[in-house]
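All residue numbers in this chain count up from 1 along the given sequence.
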Amino acid sequence: MSGDRPPILVTAERDTVLARAVEALGRFPTAQPWVLIGGLGVFLRLGSITRPTADADTVARSQAELIQQLIADGVTSVVVSGDIQVPIGDGTVDIDVMDLADDPLPVDLERRAFALARRCALLTAETEQVIVTDRSHAVIADARIPVATIAALTALKTVSMVRRPHGDHPHKVGSDIHDLVRLVATGDLRAIAGGLVAFDRELAGWVATQIARAFGNDLRYTLLRLRSNDRSPAARALTDDDISATVILSDVLHEEMATG
């Protein structure tokens, strides 16, 4: 829970995806367990918008029950394979409601890691007050939203980096790498590693292995994928040292598992 932590303050105009998404997510029921992940979750944890995003991504304990409640509450009337549309003002915002679907855990290692990362995001979520103001400092959205921790988002972005090239949107692997680098750079390495190890040692070990593989021996290919697929100014501003330093997280994870 958020406790006495200060609110997350972000600046965006009323017709942006971020502002509409925060307002829409504020209408989600509190009785149904769910958590914000994806690009919007990363932006809120980093405190800055580093690239455009077209929608918001969430994980629910039960996709079916959450969507049923959203329909009953009049939040949405459009549902397509877990994707919903929420009318906000004169527009809409798309929100992906992903099912936890982690019992039993898959045998395939990548799918298993994805299931564990979703579980981590949901069970360690921290509810935050998110306030969106425009350039004139007028409040245009104010909502309490369960947001995935930096540790959980790091695990989810590692999974996406590995799985994305074989999915429907391989070009988005650059933004996954970008988000992962920013999360690791912004967060406390010991806190990220400790959080993952405390939650699930199997997930922590998988993340350590994949980060070492991508940012260690294969750094040049990782840089190529990032800079070819994410041409945003923020991605271009990342230095080789920023990216190569991410491998340190792998070492810290191994240290935490050895001593924990």
Side-chain angles (χ1 to χ4, degrees), residues 1-10 18 21-22 25-26 28 30 32-50 53 56-61 66 95-100 102 112-131 143-163 175-208 210-211 245-246 248-250 252-257 260:
M1 301 296 291
S2 60
D4 296 325
R5 290 199 304 277
I8 296 175
L9 305 175
V10 291
L18 188 150
V22 169
L25 292 169
F28 272 40
T30 57
Q32 296 289 343
W34 63 276
V35 59
L36 174 66
I37 59 169
L40 187 56
V42 172
F43 300 160
L44 294 181
R45 286 298 176 207
L46 294 180
S48 62
I49 303 171
T50 57
T53 185
D57 300 307
T58 64
V59 173
R61 167 64 69 181
L66 178 58
I95 300 177
D96 180 18
V97 180
M98 187 183 304
D99 195 80
L100 190 61
D102 65 346
R112 188 179 182 91
F114 192 21
L116 287 171
R118 294 198 304 269
R119 182 190 293 181
C120 179
L122 185 68
L123 296 183
T124 64
E126 296 174 342
T127 300
E128 308 283 2
Q129 182 182 11
V130 181
I131 300 175
R144 293 181 62 81
I145 300 172
V147 184
T149 64
I150 287 181
L153 288 167
T154 297
L156 285 164
K157 285 299 176 179
T158 303
V159 172
S160 293
M161 177 183 68
V162 173
R163 289 169 56 92
S175 60
D176 293 325
I177 297 169
H178 179 193
D179 287 347
L180 178 57
V181 171
R182 289 289 309 279
L183 286 165
V184 173
T186 301
D188 180 291
L189 287 178
R190 289 289 172 186
I192 294 172
L196 290 176
V197 172
F199 180 78
D200 190 281
R201 296 174 69 87
E202 179 183 353
L203 176 62
W206 187 90
V207 170
Q210 299 305 322
I211 285 179
T246 306
I248 297 173
L249 177 59
S250 176
V252 176
L253 279 164
H254 286 301
E255 290 173 9
E256 290 288 329
M257 286 188 289

TODO: Mind running side chain to side chain contact (heavy atoms under 4.5 Å, CB included) on Phe199 and Thr124 for me, showing each step along the way?
DONE: CA-CA 9 Å; Phe199 180 78; Thr124 64; 4.0 Å; yes
Taking the side chain from [X] and the backbone from [Y], do they hold a donor-acceptor pair closer than 3.5 Å?
X: Arg144; Y: Thr127; answer: no
X: Arg45; Y: Thr186; answer: no
X: Thr58; Y: Ile37; answer: no

How far apart are the closest heavy atoms of [X] and [Y], and which atoms are they?
X: Leu66; Y: Gln32; answer: CD1-CB, 3.8 Å
X: Ala113; Y: Leu203; answer: O-CD1, 3.7 Å
X: Gly41; Y: Val147; answer: O-CG1, 4.2 Å
X: Ala121; Y: Ala152; answer: CA-CB, 3.6 Å
X: Arg118; Y: Asp99; answer: NE-O, 3.4 Å
X: Gly39; Y: Lys157; answer: N-NZ, 4.4 Å

Open item on the list: Using side chain to side chain contact (heavy atoms under 4.5 Å, CB included), reason through Glu128 and Leu44 one step at a time and then give a plain yes or no.
Closed with: CA-CA 10 Å; Glu128 308 283 2; Leu44 294 181; over 6 Å; no
For the [atom1] atom of [X] and the [atom2] atom of [Y], what is their distance to the nearest 0.5 Å?
X: Ile150; Y: Leu196; atom1: CD1; atom2: CG; answer: 11.5 Å
X: Thr246; Y: Ile211; atom1: OG1; atom2: CD1; answer: 7.5 Å
X: Leu123; Y: Arg61; atom1: CG; atom2: CZ; answer: 5.5 Å
X: Leu253; Y: Thr154; atom1: CG; atom2: OG1; answer: 9.0 Å
X: Leu183; Y: Leu153; atom1: CG; atom2: CG; answer: 5.5 Å
X: Trp206; Y: Asp200; atom1: CH2; atom2: CG; answer: 12.5 Å

Open item on the list: My understanding is that only residues two or more places apart in sequence, or in another chain, count here; which of them pass side-chain hydrogen bond (donor to acceptor under 3.5 Å, both in side chains) with Arg190?
Closed with: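 Listed in chain order: Glu255, Glu256.
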Task: CA sep, side-chain torsions, deciding dist, call: Asp57, Leu40, side chain to side chain contact (heavy atoms under 4.5 Å, CB included) - done: CA-CA 8 Å; Asp57 300 307; Leu40 187 56; over 6 Å; no
Task: Note, Val42 side chain near Arg182 side chain (heavy atom, < 4.5 Å) - done: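 The answer is no; the side chains never approach within 4.5 Å.
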TODO: Under the ring pair (Phe, Tyr, Trp, His ring centres under 6.0 Å) rule, collect the residues that match up with Phe28, sequence neighbours excluded.
DONE: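 Partners of Phe28 by the ring pair (Phe, Tyr, Trp, His ring centres under 6.0 Å) criterion, ordered by chain and then number, come out as Trp34.
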